[in-house]
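Comments concern the structure below.
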There are 2 protein chains.
Amino acid sequence: MKQEPTTARPKSPLSRRAWIAAASGGAASGLVLTRLDALKGTAQEIASPQDPTRVPGRFVSEVGSRAPGERPRRLVRSLALSSSSRTPLHELEGTITPSDLHFERHHAGVPEIRAEDHELLVHGMVERPMVFRMSDLRRYPRLSRICFIECSGNGGGAYNRNRMPTEVSVQQLDGLLSTSEWTGVMLSTILREVGVRPGASWILAEGSDAAVMGRSVPLAKAMDDAMLAFGQNGDAIRPEQGYPVRLLLPGWEGNAQVKWLRRIEVSDRPTMTRDETSRYTDPLKDGTARQFSFVMDAKSVITFPSYPHVLPEAGWWEIEGLAWTGRGRIVRVEVSADGGRNWTDATLQRPVLPMSTVRFRHLWRWNGQETILLSRATDETGYRQPTVHQLWDARGEGTAYHHNHQRAWKVAGDGAVTFGLGDLV
Amino acid sequence: MKQEPTTARPKSPLSRRAWIAAASGGAASGLVLTRLDALKGTAQEIASPQDPTRVPGRFVSEVGSRAPGERPRRLVRSLALSSSSRTPLHELEGTITPSDLHFERHHAGVPEIRAEDHELLVHGMVERPMVFRMSDLRRYPRLSRICFIECSGNGGGAYNRNRMPTEVSVQQLDGLLSTSEWTGVMLSTILREVGVRPGASWILAEGSDAAVMGRSVPLAKAMDDAMLAFGQNGDAIRPEQGYPVRLLLPGWEGNAQVKWLRRIEVSDRPTMTRDETSRYTDPLKDGTARQFSFVMDAKSVITFPSYPHVLPEAGWWEIEGLAWTGRGRIVRVEVSADGGRNWTDATLQRPVLPMSTVRFRHLWRWNGQETILLSRATDETGYRQPTVHQLWDARGEGTAYHHNHQRAWKVAGDGAVTFGLGDLV
């Protein structure tokens, strides 16, 4: 199999001079910072032999751990019952988010639940109300799919005209986004088992956390691609993600994908829970509000270069990022290296999966001058990620949710990268 | 998006009686063991509230961990410098192997290497010998792909006619197989940078472990899809997998995918290292040997039900497993529930990626009688996973490598599952 990104690369992304210097351990290469270096400085002190071939290594183990020098961390908002922690997007590769770095968002902490004790009640407008234990759920046909989950409030910090940030990382701005290979049973399978009564049109999904998080979901989505997920990236779903079982609604806002799922009630109307009236509703500029705004529209973020990365020299750099949409597949990601005047198609990492993040990459030759980098994604419905002005014009600035406008990074003449949206406002 | 496995399912995989019992917490459901229960017994003692909605949960965290009740472990062969640990395939979901459960196989332990100290020398028949630091490698265009790695000796225990095992798990038999999303730079990119001289036809890949593991690889593979991988499942490659960089040869035997890669020498012949003369060569029945048998042929294993699972009752069960091939894509997996007399196509989990494991599933109604389960995979070249007899006829029984013959699991009348190949010999 040929890999297209390679065939697309220019003859030499770095000057020959830099390479000879690199080879001789000289200054030019000494200046080159890795992404991790740029973030961690030189604070690493690990005892390791200069020549590892001279000493025996350590034995095999039952469970592995990261290299001492590699310490990706979620960014904790606050140690409160209602809080969040964000995925270090600027440190990650590919599309899969390590399970222990998947973002968290919960309203009353992470409940501790034993799988053997957990029960899921399915009732309401059904022929046969039933209680499912995990051992019962596991008897049904299962499937796996790679799928992103994004909090509807993700990117709020990139939105407010009055407190536009500059020294802020993509983790701080958009780290409420993660992607996993989820495994579970289709909700439609379970709904067929209990028998949905005629006239039913919604379900209520309720969690067993102390907030008893509850959201109403249209029956059409529940019967389409909703999943009761108990597997994440190869093994059991993590406690922060809803162990032992969560509702997965591919492409929809995270809060509706109720974790620690204990109850599904089939009904003929939305339940109007606290979580969908006091929260998760978008005020519009005309004074009305948009409720049940479930679908996450197309969005992209550049993860490299981004704050606090520093480009140590002019020349070729690979701009990298993630794009995703709740409406199927991403078909195109464009990158601008001049503040939005000119745009070039980035390369999309295959396979491009529906409802999954897609890694995009674009080789860029930096001339050493200050500039602004932007990306914009287009999905298979033809929808293109809007500018912040298009978003404000359409929705006003009041909403706290669905901030999918284009992100901008300013590269200064000295190579320092900061969040640059302010310049476009 | 519709999910085909669901539409394919029969009307009710479980008897209505069982469900009512389940709903009332009665005996029928009490008897149903989960896969994990079957493996772990009831040894779980976790302090957790009977009603988690009555107590606040724990705070968000920088790095997550598994639920207390979930303890998948690699199976350690021995605490020796040359050893291995095996992935718990019978406990995993989907296709991605958690990085901390990826199998290990090394000849002198896991070296501790600081990324900042590591250098990769590329020399031999090249125009410009160069030394690459990790910060240099990271300047080149990168890509990601989901790819399996299997040790060429995997499944050896399922091979010897004289010591055919029965109480052995798929982890013990075939756990030297794992799948990750790998990220790195194409080796062809680096070879173009140094400039391969005319007449070159092989490379030597050498590791910086205390065994100085070395393997010869044809230049054609190096220029095709070989990757210098420094990312695994979203973050940095794990120490046991070759941190800070390993050679990835999609579809080829694991030992050639040299870890802790420190040197690549371009040459016009194989180097004939100790690791490819004393080891990793297949004796054939005619007394000759097959050397450089790199490609892993099509193979499949049933992961459920398998030893030590126990089926507590007759009725519908979903047979599940993994299939893979080093020659592209798996196009078909067939399952037999009667010792190989009749075969049915299993459902393949989409997307089916080349050089990746594919999850297959097949709903099976067990009549409660003793029987033997088998699976066989066919790849896009038309090659079909052979029976053990076909393998013995073709290669003799002497070889210690490439045991890709069909695996069999015997289900006893009491539901106990054991490795059943003995019955077919």
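Chain letters run A, B, ... following the sequence lines, proteins first and then strands; every chain starts at 1.
The CD atom of Glu70(B) sits 10.0 Å away from atom CZ of Arg238(A), with the distance rounded to the nearest 0.5 Å. Separating the OG1 atom in Thr95(B) from the CG atom in Asn233(A) is a distance of 9.5 Å, to the nearest 0.5 Å. Rounded to the nearest 0.5 Å, atoms OG1 (Thr53(B)) and CE (Met213(A)) are 15.0 Å apart.
Looking at Arg262(A), only its side chain comes within 4.5 Å of chain B, counting heavy atoms on both sides. When heavy atoms are compared at a cutoff of 4.5 Å, Val212(B) approaches chain A solely by way of its side chain, counted from C-beta outward. Looking at Leu353(A), only its side chain comes within 4.5 Å of chain B, counting heavy atoms on both sides. His102(A) does not touch chain B: none of its heavy atoms, backbone or side chain, sits under 4.5 Å away.
Using a 4.5 Å cut-off on side-chain heavy atoms (C-beta onward), Arg58(A) and Pro239(B) make contact. A heavy-atom distance below 4.5 Å is found between the side chains of Leu81(B) and Phe59(A). Contact check for Pro141(A) versus Leu363(B): side-chain heavy atoms found under the 4.5 Å cut-off. Using a 4.5 Å heavy-atom threshold, the side chains of Glu112(A) and Val55(B) count as separate.
Between chain B and the residues Ala108(A), Ser99(A), Ser180(A), Gly231(A), the most heavy-atom pairs under 4.5 angstrom are made by Ala108(A). Put simply, of Pro98(B), Ser83(B), Ser78(B), Pro111(B), the one with the most heavy-atom pairs under 4.5 Å next to chain A is Pro98(B). Taking Thr179(B), Val185(B), Ile237(B), Val63(B) one by one and counting their heavy-atom pairs under 4.5 Å with chain A, the maximum is reached by Val63(B). No other option in Gly109(B), Pro88(B), Gly251(B) has as many heavy-atom pairs under 4.5 Å with chain A as Gly109(B). Note: Ile96(A) leads Ile96(A), Leu75(A), Leu101(A) in heavy-atom pairs under 4.5 Å with chain B. In terms of heavy-atom pairs under 4.5 Å with chain A, the best-connected choice from Leu121(B), Asp235(B), Thr183(B), Val76(B) is Asp235(B). Of all the listed residues (Ser61(A), Gly207(A), Ala211(A), Gly184(A)), the one sharing the greatest number of non-hydrogen pairs under 4.5 Å with chain B is Ser61(A). When each of Glu240(A), Arg66(A), Arg73(A) is checked for heavy-atom pairs under 4.5 Å with chain B, Arg66(A) comes out on top.
Side-chain contact of Ser144(B) with Glu93(A): a donor-acceptor pair under 3.5 Å is absent, judged by distance alone. In the model, Ser85(A) has no side-chain atom that pairs as donor or acceptor with a side-chain atom of Glu62(B) under 3.5 Å. No hydrogens or angles considered: nothing links the side chains of Glu318(A) and Tyr140(B) as a donor-acceptor pair under 3.5 Å.
Between Arg142(A) and Glu320(B) there is a salt bridge, since at least one side-chain N of the basic residue sits less than 4.0 Å from a carboxylate O of the acidic one.
Seen from the ring of Trp317(A), Arg139(B) counts as a face-on cation partner, given the 6.0 Å and 45° thresholds.
Of the options Glu104(B), Arg74(B), Arg77(B), a side chain to side chain contact (heavy atoms under 4.5 Å, CB included) to Val60(A) is made by Glu104(B) and by none of the others.
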